[in-house]
Chemist: 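Please see the structure below; I have some questions.
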Amino acid sequence: MNNNKKGLLAMLGVAAGAGALAFWKYKKMSPEEKQRLKDKANETGSKIKEKAGEVQDTISEKYDQLKNTAKKESKDLKEEANDIIS
């Protein structure tokens, strides 16, 4: 087996062990602790969605700015070319 496969298998083993430990700890939690964990996960998910929306808006704005700049430059170059030809 080459090193890449050994490394991948090692990572899978570690991930499976960590997953089993997390599951065991979750099963031992009280209902209140489980609810706090769920609430925290939901809050984190909401924050991620909010940030993703902000990033999407920023990207859209930058895209529109670049598109408008490219249109203006194209128009200016066409006018220059027409001036040179005339």
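These figures come from a predicted structure and were not determined experimentally.
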Chemist: Checking salt bridge (charged side-chain N to carboxylate O under 4.0 Å, His left out) for the pair K47/E43: CA distance, chi angles, key distance, verdict?
Modeler: CA-CA 6 Å; K47 286 180 181 178; E43 181 183 340; 3.3 Å; yes
Chemist: Taking the side chain as C-beta and beyond, is there a heavy-atom pair between E79 and K75 under 4.5 Å?
Modeler: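 Result yes, sub-4.5 Å side-chain heavy-atom pair found.
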Chemist: Once you round to the nearest 0.5 Å, how far does CG of L37 lie from CD of Q35?
Modeler: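 The distance works out to 9.5 Å.
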Chemist: Which atom names give the shortest non-hydrogen contact between K34 and Y26, and what distance separates them?
Modeler: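 Residues K34 and Y26, closest heavy atoms: CE-O, 3.1 Å.
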Chemist: Can any side-chain N or O of T58 pair as donor or acceptor with the backbone N or O of E54 at less than 3.5 Å?
Modeler: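 Yes; at least one donor-acceptor contact below 3.5 Å.
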Chemist: Provide the closest heavy-atom pair for M29 versus E33 in the form atom of the first, atom of the second, distance.
Modeler: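 Distance-wise, the nearest heavy atoms are CA-OE1, 3.4 Å.
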Chemist: Would you give the length of the straight line joining atom CD1 of I59 to atom CD of E61, rounded to the nearest 0.5 angstrom?
Modeler: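 Nearest 0.5 Å value for the CD1-CD distance: 10.5 Å.
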Chemist: As an exercise, state the distance from CG of N82 to CG of L77, rounded to the nearest 0.5 Å.
Modeler: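 Nearest 0.5 Å value for the CG-CG distance: 11.0 Å.
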Chemist: Distance from K62 atom NZ to D64 atom CG, nearest 0.5 Å?
Modeler: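 These two atoms lie 11.5 Å from each other.
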Chemist: To the nearest 0.5 angstrom, please state how far the NZ atom of K67 sits from the OG atom of S60.
Modeler: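 Rounded to the nearest 0.5 Å, the NZ-OG separation comes out at 10.0 Å.
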